Number of protein chains: 2
Amino acid sequence: MSVISIQLGNNLYCKDPQSTELGKKIVLHSIKLISELGFEAFTFRKLSMQIDSTEASIYRYFDNKHRLLVYLIAWYWAWMEYKIEYETHHLGNPQEKLDRIIRLITEKKVPDDTFPDIDEEALNKIVIAESDKTYLTKRVDKDNQNGLFKGYKSLCDHIAALILNINPNFTFAHALASTALEASNQQVFFAEHLPSLTELSKLEDPYSANYHFVKNLIFKTIDA
Amino acid sequence: MSVISIQLGNNLYCKDPQSTELGKKIVLHSIKLISELGFEAFTFRKLSMQIDSTEASIYRYFDNKHRLLVYLIAWYWAWMEYKIEYETHHLGNPQEKLDRIIRLITEKKVPDDTFPDIDEEALNKIVIAESDKTYLTKRVDKDNQNGLFKGYKSLCDHIAALILNINPNFTFAHALASTALEASNQQVFFAEHLPSLTELSKLEDPYSANYHFVKNLIFKTIDA
DNA sequence: CTATAAATGATAGTATTACTATCAACGAAT
DNA sequence: ATTCGTTGATAGTAATACTATCATTTATAG
């Protein structure tokens, strides 16, 4: 039995949280706490109490809570890439691949037994409500230089390449890919909190509706 | 000569900043400071020093800096609605109206002499970099109940109505409208800070490119 | 089995933030 | 002349976001 783990660039942490028990506890409980409290109300102090440790110990893994958030989001996108690779490598044409990716991105997230230390459902909540905060800061350029957004950019690239495969003349492949990725999460947030901004909450199955919305958005837009 | 001013719901402030000199100074300089420092590093203390006043005085106008941000963003969207009304009421068909709206939303913002107290260019920067933070909080449901997002929702409605006018069978009019609104700002941010997520930065005129991207996105998607 | 290094815990301390409270001073309206 | 509304001045508090130091436990290598 081989153990799969998601390896992340070493700029994403001070000390690799996957390398120790404490590190794993930090990740596990930070997902729980951030999804419950929201990122603003989340503090290392609260986390340290939750895991019976100290602030100082947590600071040895992550410089600050923003870095921890960036790490979690990066883990999420690396996980998505892994799932996409797994579920699309056997597919023949780019249309099918793209369709499958859209399904994976929009579907309801359930616990993935491959990674028992991560609550993927709670992490998805964080991605929906907090991921924009990873780059909406004054540090974005430095963070980008340090490769903190590599995973997301790579996924965007991946989707853009398929789009260009389907229609080589489409000018805005990356723009459409990033728009679709952002929208797929944003619409879920709107459905729950600002329902007049979307139809998703009115339809029987919001996840399926989201899938159809995003699929339609992409395929109609790139059609030559 | 009639003076036009943008009236905002009274839940957006404690005391109307447009009613006093100090209030106007708060708005004027907060736009400057937030656009320079970013919302996280912006504090009432820094603002009070900038305008030679005190924190306590600022708190009489806004409960906290988040409320001030919400106020500024609400002002922006009310201003956009005003401009849209002005520039589209004479147009005949919904296609033309929608096209004009997309142009207004994506075009580079220049100072509007009608409102000398507001630096629209700096405010647009804030909208691009900070506006998602108005609703990405644990308070979003309460804030929404208090009508803080009325302006944005109304604009989204406005666009969705035109979309339905053009294609009454399109299921996701509001979802597409909110996606387009979000994307039009997000793409500008990406172009500047995460350029691999968009083509905008590579093209001669990024604003014009954004206009074509969003226009294409909407019109292709709704086409029956 | 011991020496040594690595990881963690315990504790303390600091500058800043995000407020709240109180009271004095000032100008404008009645 | 009084009173009201606005602002300024000052003070104070709990919490946050760290940083630093040193002791203790745990793992590992010889």
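Just so we're on the same page: letters track the sequence lines, and every chain starts at 1. Worth saying up front: this structure is predicted, and the values here are computed from it rather than measured.
Between the CE atom of B/M49 and the C1' atom of D/dG8 there is a distance of 16 Å, given to the nearest Å. Rounding to whole angstrom units, CD1 of residue B/I58 and P of C/dT20 are separated by 14 Å. Atom CD in B/E40 sits about 13 Å away from atom P in D/dC18, given to the nearest Å. As a whole-Å value, the separation of A/N64 CG from C/dT16 P is 18 Å. Nucleotide C/dT8 holds its C1' atom 15 Å from the CG atom of A/L47, rounded to whole Å. When the C1' atom of C/dC19 is taken as reference, atom CZ of B/R67 falls 15 Å away, rounded to whole Å. B/L22 has its CG atom 16 Å from the P atom of C/dG27, to the nearest Å. One interatomic measurement links the two molecules: CZ of A/R45 to P of D/dA14, which rounds to 13 Å at whole-angstrom precision.
No more than 12 heavy-atom neighbours from other residues, nucleotides or ligands sit within 6.0 angstrom of NZ on A/K150. Counted within 6.0 Å of NE2 on B/H89, heavy atoms from surrounding residues, nucleotides or ligands total 12 or fewer; the atom is thus considered open.
Using a cutoff of 4.0 Å between basic side-chain nitrogens and carboxylate oxygens, B/K133 and B/E130 are scored as salt-bridged.
Contacts of B/Y61 with the nucleic acid, taken as non-hydrogen atoms under 4.0 Å apart, involve only primed sugar atoms and P, OP1 or OP2. If you check every strand for non-hydrogen atoms under 4.0 Å, A/Y59 touches a base.
Look at A/S57 and you'll find a side-chain N or O under 4.0 angstrom from OP1 or OP2 of C/dG9. The side chain of B/K46 places no N or O atom within less than 4.0 Å of a non-bridging phosphate oxygen (OP1 or OP2) of C/dT16. Contact annotation: B/K25 does not reach the phosphate of D/dT6 (side-chain N/O to OP1 or OP2, under 4.0 Å). At D/dG8, one or more side-chain N or O atoms of B/S53 fall inside 4.0 Å of OP1 or OP2 (strictly under the cut-off). Side-chain N/O atoms of B/T43 include none lying less than 4.0 angstrom from OP1 or OP2 on C/dT16.
For B/A56, counting side-chain heavy atoms from C-beta on, the closest listed nucleotide (C/dT17, C/dG9, C/dA21) is C/dA21. In this structure, of C/dA10, C/dC19, D/dG8, it is D/dG8 that holds the atom nearest to the side chain of B/T54.
The base of D/dG5 lies outside donor-acceptor range of the side chain of B/R60, with no N or O pair under 3.5 Å.
For the pair A/A173 and A/I163, the tightest heavy-atom approach, listed with the atom from each and the gap, is O-CD1, 3.7 Å.
Between B/Y61 and B/Y71, the distance from one ring center to the other does not fall under 6.0 angstrom.
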